> 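First the structure, which I've put down as structure tokens, then a few questions once you've had a look.
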Amino acid sequence: MGVKQAIRSLDAFPRAEEHLLQKTQSGALVSIVGLVIMATLFLHELRYYVTTYTVHQVPIDRQACVVQMSVDLKRGETLPIHVNMTFPSLPCDVLSVDAIDMSGKHEVDLDTNIWKLRLNSYGHIIGTEYISDLVEKEHEHKHDDNKEHHDDSHEKLNALGFDQAAEDMIKKVKLALANGEGCRVYGVLDVQRVAGNFHISVHGLNIYVAQMIFGSSTHVNVSHVIHDLSFGPKYPGIHNPLDETVRMLHKTSGTFKYYIKIVPTEYRYISKEVLPTNQFSVTEYFSPINEFDRTWPAVYFLYDLSPITVTIKEERRSFLHFITRLCAVLGGTFALTGLLDRWMYRFIEALTKPSSRSVVR
């Protein structure tokens with residue numbers, strides 16, 4: 001009997017008799033508010049526990065993903081370049097997608113899953129064209145100017161009957177320019193995993209045809225909107241700095257150059273699935289063109305690859321951490337509502353007691 005009494009004396013939650021408990025309306029109101037608050041905080045904590053998110057820094061308290069670095073060991077793989085751009089002032093017939101890399105491989109008017117959408121002056125689609133002509137050549141010297149492009153195109157048009165082809169091209173493009181046609185270029189380029197560049201321009205045209213269409217290079221408006229540019233699949237939280245970039249030219253012309261540093265990335269999901277992709281940073285440069293320049297305007301993307309691979313790993317917070325936060329939140333809310341109930345009871349009691357005494361007198 002003495003042992004039971006000793007154990008009972010350790011009870012931190014003594015119970016009062018039922019007839020000694022007094023229930024009030026203010027207490028009911030505080031209890032309802034407290035329950036709503038506790039339920040809301042519980043759902044918030046549960047969501048915080050089950051949700052994973054990423055930050056691009058090494059975490060101190062392991063509440064986010066872990067970022068690791070290692071040497072990139074990939075060899076012989078291709079680099080996918082996802083492109084989605086709009087040129088509101090140039091028809092599809094004059095635009096070409098060209099690529100060149102450090103190995104000397106040069107591709108003109110690429111057809112690697114690239115599509116062109118004809119746009120009217122309001123930006124609505126009026127036609128679709130698949131780029132089907134691929135000219136691929138090996139160059140021993142660095143590509144310094146655009147003359148080689150025009151020479152290749154000149155030979156190509158000669159083989160098709162240059163005079164008639166040129167006349168048809170000029171009439172068609174001039175009509176498109178008069179109607180305010182634009183072009184949307186999108187698709188995927190698969191290039192070698194080495195430094196290089198790709199550019200979208202009028203370089204696929206014969207130089208004489210280009211002069212007859214535009215008059216001079218200063219009349220070529222390479223205003224553009226980059227809807228999407230990425231170097232692999234996207235993972236949660238990725239930010240591509242060129243997405244939704246708008247560059248418009250008014251009464252001027254020139255060449256845009258985007259210098260891109262690609263960082264190989266591996267994203268490891270909580271399910272252990274690995275997604276190989278790439279991040280990148282970019283700086284840009286605009287070079288205006290005057291009527292005496294021999295070059296033609298273009299939009300260049302010059303890329304280089306980092307030798308370091310970044311590994312991003314998702315991590316979920318520990319269950320013990322979840323229980324600790326949950327106890328703190330629910331216990332604190334319960335204590336606060338209990339304190340608020342006592343204050344309200346004493347306040348109401350203080351207001352009602354004087355009135356009851358006055359009635360007795």
Side-chain angles (χ1 to χ4, degrees), residues 43-85 99 101-102 112-113 186-198 225-246 257-284 300-326 328-329:
L43 294 176
H44 179 270
E45 289 298 323
L46 183 62
R47 181 181 178 186
Y48 181 76
Y49 167 67
V50 300
T51 303
T52 60
Y53 65 96
T54 60
V55 291
H56 291 268
Q57 59 183 13
V58 178
I60 297 175
D61 56 357
R62 297 177 61 85
Q63 290 185 2
C65 71
V66 174
V67 180
Q68 301 173 345
M69 295 184 183
S70 60
V71 177
D72 184 18
L73 301 177
K74 297 184 181 73
R75 293 185 297 176
E77 297 183 8
T78 58
L79 178 69
I81 304 176
H82 300 262
V83 182
N84 188 352
M85 296 180 62
D101 58 44
M102 289 185 65
T112 313
N113 301 322
Y186 72 97
V188 181
L189 303 175
D190 287 314
V191 298
Q192 296 186 82
R193 201 176 180 83
V194 295
N197 78 78
F198 70 95
V225 179
I226 305 175
H227 304 287
D228 175 58
L229 180 68
S230 57
F231 296 85
K234 296 182 179 180
Y235 60 83
I238 190 174
H239 172 68
N240 293 325
L242 285 179
D243 287 0
E244 303 305 326
T245 297
V246 179
K257 291 185 179 181
Y258 296 95
Y259 297 91
I260 297 172
K261 191 69 172 181
I262 301 173
V263 181
T265 303
E266 286 186 351
Y267 189 89
R268 299 180 181 272
Y269 290 93
I270 196 71
S271 61
K272 306 302 181 182
E273 180 185 355
V274 179
L275 178 68
T277 183
N278 298 281
Q279 306 176 74
F280 69 92
S281 61
V282 63
T283 56
E284 64 177 286
Y300 282 86
F301 297 90
L302 302 98
Y303 56 88
D304 193 7
L305 286 91
S306 170
I308 301 298
T309 296
V310 174
T311 301
I312 303 175
K313 182 180 178 182
E314 286 185 347
E315 284 196 349
R316 181 167 292 159
R317 299 162 189 88
S318 67
F319 182 72
L320 184 60
H321 183 263
F322 167 67
I323 293 297
T324 303
R325 289 177 59 97
L326 193 61
V329 168

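Model, not experiment: these values are computed from the prediction.
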> As an exercise, state the distance from OG of S281 to NZ of K261, rounded to the nearest 0.5 Å.
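That separation rounds to 8.0 Å.
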> Just by distance, with hydrogens left out, do Y235 and E266 show a side-chain donor and acceptor under 3.5 Å apart?
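Their side chains do not contain a donor-acceptor pair, so the 3.5 Å distance test is not met.
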> State, with a plain yes or no, whether a side-chain heavy atom of R268 is found less than 4.5 Å away from one of E314.
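Not in contact.
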> Does any part of the side chain of I260, heavy atoms only, come nearer than 4.5 Å to the side chain of L229, both counted from C-beta?
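SC-SC contact between L229 and I260 confirmed.
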> Looking only at heavy atoms, what is the nearest atom pair of P241 and T245, with distance?
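In this case the closest contact between P241 and T245 is O-OG1, 3.9 Å.
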> Quick one: closest heavy-atom pair of V329 and E45, and the distance?
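Where V329 meets E45 most closely, the heavy atoms are CG2-OE2, 4.1 Å.
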> Heavy-atom distance under 4.5 Å between the side chains of R325 and Y48, does that happen here?
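Yes, at least one pair of side-chain atoms sits under 4.5 Å.
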> Taking C-beta and beyond as the side chain, do I238 and Y267 meet within less than 4.5 Å on heavy atoms?
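When only atoms from C-beta onward are counted, Y267 and I238 do not touch, as no gap falls below 4.5 Å.
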> I need the I81 CD1 to N113 CG distance, nearest 0.5 Å.
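With rounding to 0.5 Å, CD1 (I81) is 13.0 Å from CG (N113).
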> Applying the side-chain contact (heavy atoms from CB on, under 4.5 Å) test to P264, which of P276, P307, S306 qualifies?
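With P264 as partner, side-chain contact (heavy atoms from CB on, under 4.5 Å) holds for just one option, S306.
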> If I take atom CG from residue N197 and atom CG from residue D304, how far apart are they, to the nearest 0.5 angstrom?
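CG of D304 is found 11.5 Å from CG of N197.
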> Out of the candidates F198, Y259, F231, F280, only one should pair with F301 under the ring pair (Phe, Tyr, Trp, His ring centres under 6.0 Å) rule; please name it.
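Per the ring pair (Phe, Tyr, Trp, His ring centres under 6.0 Å) rule, the option paired with F301 is F198, out of F198, Y259, F231, F280.
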> For the pair T277 (side chain) and T265 (backbone), establish whether a donor and an acceptor sit closer than 3.5 Å, ignoring hydrogens and angles.
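Pair absent, no side-chain N/O of T277 close to backbone of T265.
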> Report the C-alpha separation of Q279 and I312 in whole Å, then their side-chain angles, then the decisive distance to 0.1 Å, and conclude whether the side-chain contact (heavy atoms from CB on, under 4.5 Å) test is met.
CA-CA 12 Å; Q279 306 176 74; I312 303 175; 4.2 Å; yes
> Looking only at heavy atoms, what is the nearest atom pair of A195 and L305, with distance?
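Minimum heavy-atom separation between A195 and L305: N-CD1, 4.3 Å.
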> Measure the shortest side-chain to side-chain distance between K234 and N240 over non-hydrogen atoms and say whether it is less than 4.5 angstrom.
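Side-chain contact under 4.5 Å: yes.
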> Distance from E244 atom CD to N84 atom CG, nearest 0.5 Å?
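If we round to the nearest 0.5 Å, E244:CD and N84:CG are 8.5 Å apart.
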> Mind checking whether I262 and L79 have side chains closer than 4.5 Å, heavy atoms only?
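Yes. Closest side-chain heavy atoms under 4.5 Å.
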> Can you tell me how far the CG atom of L242 sits from the CD atom of E284, to the nearest 0.5 Å?
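One gets 7.5 Å once the value is rounded to the nearest 0.5 Å.
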